[in-house]
Every structure is written in structure tokens, then in C-alpha cells.
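A note on names: the letters A, B, ... follow the listed sequences, proteins ahead of strands, and every chain is numbered from 1. Since this is a predicted model, take the numbers as computed values, not measurements.
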There are 2 protein chains.
Amino acid sequence: MARAGLTRARLALAAAELADQAGFEHVTLSAVARHFDVKVASIYSHVASAHDLKTRITLLALDELADRLAVALAGRAGKDALAAFAEVFRNYAREHPGRYAATRYRLDGATAAASAGPRHAEMSRAILRGYDLTGVDQTHAVRLLGSVVHGFVSLELEGAFSHSAPGSDVSWSRSLDALDFLLRNWPAPATPADPIEEP
Amino acid sequence: MARAGLTRARLALAAAELADQAGFEHVTLSAVARHFDVKVASIYSHVASAHDLKTRITLLALDELADRLAVALAGRAGKDALAAFAEVFRNYAREHPGRYAATRYRLDGATAAASAGPRHAEMSRAILRGYDLTGVDQTHAVRLLGSVVHGFVSLELEGAFSHSAPGSDVSWSRSLDALDFLLRNWPAPATPADPIEEP
DNA sequence: AGCGACAACCTAAAGGCTATAGGCAAAAAC
DNA sequence: GTTTTTGCCTATAGCCTTTAGGTTGTCGCT
């Protein structure tokens with residue numbers, strides 16, 4: 001009987017494709033086994049569990065995204081970089097909704113640390129080099145940036161914006177304009193914390 | 001044999017509690033049946049399917065959230081209203097992570113229309129009455145507002161902000177400051193679309 | 001070429017989840 | 001007090017995960 005030639009990597013890739021087509025939550029060892037015309041038990045020689053397989057999709061997705069981000073950010077700064085960064089996220093989510101969803105799959109600490117997650121963080125921060133933000137303000141801005149991009153992309157993917165005019169494309173570009181404006185004019189705290197600073 | 005006294009509503013509530021404790025993705029007819037010390041098949045007299053039960057959690061959560069929002073927004077305007085709105089989301093997500101996750105469960109059109117979703121939309125828009133935004137800019141702003149709040153809250157819930165200083169509380173309040181500033185100074189489009197307007 | 005040994009894939013089986021069909025008895029209706 | 005309703009049950013079947021243990025390609029070694 002001919003062998004299917006399974007591999008950790010091939011399994012992860014097939015699972016990622018399945019995720020994109022059927023949704024991340026429908027990724028199943030059984031489905032992957034069917035795809036390779038192999039019995040389910042065989043999968044366990046290459047992957048520890050269903051959770052493991054999903055984790056591999058996540059790592060794959062984070063990696064691909066980081067690669068795209070790196071390419072898009074090369075040689076760009078300021079709003080250009082901001083827009084490129086955001087566009088990569090949005091396009092990735094549209095092209096690969098399942099993988100994008102996988103991106104939200106919970107990793108344990110060690111796995112997360114070894115993932116492309118830190119590269120993402122670095123690149124987010126790199127974008128802000130084009131703006132005049134220092135110290136903790138940079139961190140706040142990174143977090144806000146992440147929130148806007150992730151929030152918009154996932155709401156859009158859920159169809160939250162598709163039941164009213166105008167099309168979400170316009171809102172997207174206006175949101176990026178707004179974000180750029182904000183980063184160029186980062187406001188001081190409105191409620192200046194408790195007046196007592198650490199002595 | 002005494003009866004358990006199952007009800008659509010009691011089931012939904014128990015399921016919501018289960019979601020908060022175990023995570024929305026672990027809500028299962030079996031688990032709910034165990035909770036009521038009843039056989040799984042019995043559940044089907046009250047609920048059409050697992051999907052149906054999850055949908056009911058979603059509707060419950062949307063309703064609760066809308067109620068809280070209504071209370072919080074009463075008598076507030078401007079940044080006050082903005083902060084109250086956002087705070088309700090964040091607190092709800094922290095108190096009820098499972099229900100908050102349910103909020104992202106996909107509803108079919110009819111169900112969504114009959115849900116508290118439209119109330120949410122109304123209230124988001126109401127917040128912007130305190131700012132000087134008109135026409136489509138209002139829509140863009142509503143979408144951005146939703147993106148920021150949802151994005152921040154879900155990233156925070158995933159622990160995305162818990163691996164670096166400072167605490168996310170600070171970033172949250174700075175993000176709201178930023179959002180308020182943005183709504184008070186809503187920028188014009190940076191790339192003024194194609195100069196040709198529809199004649 | 002032949003022989004091991006490893007790796008790749010298999011069968012079998014158990015346990016959990018969803019779902020449907022049909023039965024019995026408690027509660028409600030009269 | 002009988003009838004009807006309906007709440008919950010048993011039984012069954014299908015799909016998914018996971019583990020244990022068997023078989024057979026395939027490669028390296030001699």
C-alpha cells in the first residue's frame with residue numbers, strides 16, 4: 001500500500017487551508033485525515049493532538065503575517081508604514097480568514113514566546129518610529145494601534161459593517177487617516193492621573 | 001421521578017454561566033444536561049440544537065449588554081458618555097468573558113435583526129451626538145469607536161497586553177483620551193478620494 | 001542481494017458530543 | 001377521575017479524539 005507522505009508541515013498546511021475554507025473551528029483531525037485519504041490514527045504519528053494541530057496553524061499564520069509585514073514595512077515610514085501595516089492585516093484576514101482566526105488561538109507562554117508574536121510586537125513599535133512618541137506613550141500607542149486594526153478587521157470579517165452604508169472600505173481609510181492624525185498629535189492624559197507621582 | 005423544571009430561559013442562563021466559567025467554546029449540551037442532572041435528549045425538548053443554545057447565549061449577552069449601556073449612557077454626554085460606554089463593554093467582558101465571546105457568535109440575518117444588536121448600534125451613534133460629527137463621518141466614527149473598544153477589550157482578554165509594562169489600565173484610559181480627542185478633532189480625508197464626485 | 005530496524009500507516013476499541021425516534025409517567029385540564 | 005399534554009427517559013447511530021498494539025514499506029548496512 002502506497003504511503004501518503006505525511007509530514008508535520010504538510011499537515012499544518014492542509015489544516016490551514018481547511019481552516020480558510022471551512023472555518024478555524026471546523027478544523028478536525030478527521031477532516032485532515034480524509035484529505036490525505038489516511039486513517040485518523042495515522043495523524044497521531046506526526047502531531048500530538050487536535051490542539052497541537054491547531055497550534056501549528058496558529059504558528060504558521062503568525063509567521064506568514066510577520067513575513068508579509070516585514071516586506072510591507074521595508075523602506076516605509078510614517079503614515080506610509082502605518083497604512084502598509086494595517087493593509088497587510090486586513091488583506092491577510094480576507095485572503096485567509098481561517099488562519100487569521102487561528103491567530104487568536106490561545107498559545108501557552110513558551111509557545112507564544114517562540115512564535116512570531118514578538119516579531120509582530122517589534123514591527124508595531126517600529127511603525128511608531130516615524131512619529132514623535134516616547135516612553136510609555138509609545139506602548140499606549142502600540143496597543144491602540146493593535147486594537148484598531150484587530151478590532152476593525154475582525155468586526156468587518158464578521159460582517160458587522162456590511163449592513164449599512166457606506167462600504168467599509170471608506171471607513172477603513174478614514175480610520176487610518178484618523179489614526180495617523182492621532183499619532184501625530186498624541187494627546188496628554190485628560191485626567192492627569194493622581195497628582196502624586198512616585199517619589 | 002421528580003422533574004427538573006427545565007426552561008428555555010433557565011437553559012440559556014445555565015449555559016451562559018457555563019460559558020463564563022469554562023469558555024464559550026466549551027459550552028455543550030452534555031455539560032448543561034449534567035448541570036441539571038438530566039439526560040441529554042431531554043434538552044432537545046426545549047432547545048432545537050447546540051447551535052440554538054449558543055444562539056440563545058448570544059441573545060442573552062447582547063441584551064444584558066444593551067441594558068447596561070442604556071443605564072450607563074442615561075444623562076451623560078460627550079467624553080463622559082464615551083467613557084461610560086467603553087467601560088461597560090470592558091467590565092462586561094471581564095465579568096462575563098464567556099458571554100462576551102458569545103457576542104461574537106455568528107447570527108443569521110433574521111435573528112440578528114431581532115436581537116439587541118440594533119440597540120447597540122443606536123447607542124453607539126447616540127454617543128456621537130455629543131461631538132460635532134455629521135453624515136457619513138458619523139458612521140466612520142461609530143465604526144472606529146466599535147473597533148477600538150472591541151479590539152482593546154478582546155486583546156486584553158486574550159492577555160495580549162499582560163506581558164509588558166505598564167498595566168493595561170493606563171493604556172485603556174489613554175486610549176479613551178485619544179479617542180475623545182479624535183472625535184473632537186475629526187480629520188478630513190487625507191487622500192481626498194478621487195476628485196471627481198458623482199455629478 | 002539480503003537483513004534488520006525504523007518509520008509510516010493500519011485495525012480495534014473506548015469515551016465524549018450531537019441528534020433522532022419512540023416510550024412512560026407526572027402534571028395539568030377537564 | 002379520566003384524559004391530554006408534555007417533560008424526561010431509553011435506545012441508537014454517527015462523528016470526533018485518543019490510545020494501544022499490529023503490519024508493512026523503505027532505508028541503511030553488510
Within residues 6-23 of chain A, those residues having any heavy atom closer than 4.0 Å to DNA chain D are none
Shortest non-hydrogen pair, Ala83(B) vs Leu176(B), comes out as CA-CD1, 4.3 Å
Q) Quick one: is His46(A) getting a side-chain N or O under 4.0 Å of the dC9(C) phosphate, OP1 or OP2? A) yes
- Query: Are Arg106(A) and Thr58(A) linked by a side-chain donor-acceptor pair shorter than 3.5 Å?
  - Reply: no
When rounded to whole Å, the CG to P distance for the pair Leu29(B) and dG16(C) reads 16 Å
From NZ of Lys39(B) across to C1' of dT12(D) the rounded distance in Å is 15 Å
Acceptor/donor pairs from residues 146-157 of chain A side chains to any protein atom, 3.5 angstrom cut, sequence neighbours excluded:
| unit_1 | atom_1 | unit_2 | atom_2 | d |
| --- | --- | --- | --- | --- |
| Ser147(A) | OG | Arg143(A) | O | 2.8 |
| Ser147(A) | OG | Phe152(B) | N | 3.4 |
| His150(A) | ND1 | Tyr100(A) | OH | 3.0 |
| Ser154(A) | OG | His150(A) | O | 2.7 |
| Ser154(A) | OG | Gly151(A) | O | 3.4 |
| Glu156(A) | OE1 | Arg90(A) | NE | 2.9 |
| Glu156(A) | OE2 | Arg90(A) | NH2 | 2.7 |
| Glu156(A) | OE2 | Arg94(A) | NH2 | 3.3 |
| Glu156(A) | OE2 | Ser168(A) | OG | 2.6 |

field: Parallel, tilted or perpendicular, as decided by the 30° and 60° cut-offs, for the rings of His120(A) and Phe89(A)
entry: perpendicular
For dC16(D), does OP1 or OP2 lie under 4.0 Å from any side-chain N or O of His26(A)?
no
Would you say dC10(C) has OP1 or OP2 under 4.0 Å from some side-chain N or O of Ser42(A)? yes
Here the distance between atom C1' of dG16(C) and atom NE2 of His51(A), to the nearest Å, is 19 Å
(Q) Please confirm whether the shortest side-chain N or O distance from Ser30(A) to OP1 or OP2 of dT17(D) is below 4.0 Å. (A) yes
Tell me what Ala41(A) touches on the nucleic acid: a base, only sugar-phosphate, or nothing, going by heavy atoms under 4.0 Å. base
When rounded to whole Å, the CD1 to C1' distance for the pair Ile43(A) and dC10(C) reads 13 Å
Quiz item: Below 6.0 angstrom between ring centroids: does that apply to His96(A) and Phe24(A)?
Solution: no
Separation of dA19(C) atom P from Leu53(B) atom CG, nearest Å, is 10 Å
For Ser124(B) and Val142(B) the tightest heavy-atom approach is CB-CG1, 3.8 Å
Out of dC9(D), dT18(C), dT19(D), minimum distance to the side chain of Val38(B) belongs to dC9(D)
Margin query: Students often get this wrong, so: under 4.0 angstrom with heavy atoms, is Thr28(B) touching a base, only sugar-phosphate, or nothing?
Written below: sugar-phosphate
Rounded to whole Å, OH of Tyr44(A) lies from P of dA12(C) at a distance of 19 Å
Separation of dC8(D) atom P from Asp37(B) atom CG, nearest Å, is 12 Å
Between NZ of Lys54(A) and C1' of dT17(D) the distance, given in whole Å, is 11 Å
Could you tabulate the donor-acceptor pairs under 3.5 Å formed by side-chain atoms of residues 34-46 of chain B, not counting sequence neighbours?
| unit_1 | atom_1 | unit_2 | atom_2 | d |
| --- | --- | --- | --- | --- |
| Ser42(B) | OG | Lys39(B) | O | 3.2 |
| Ser45(B) | OG | Ser42(B) | O | 3.2 |

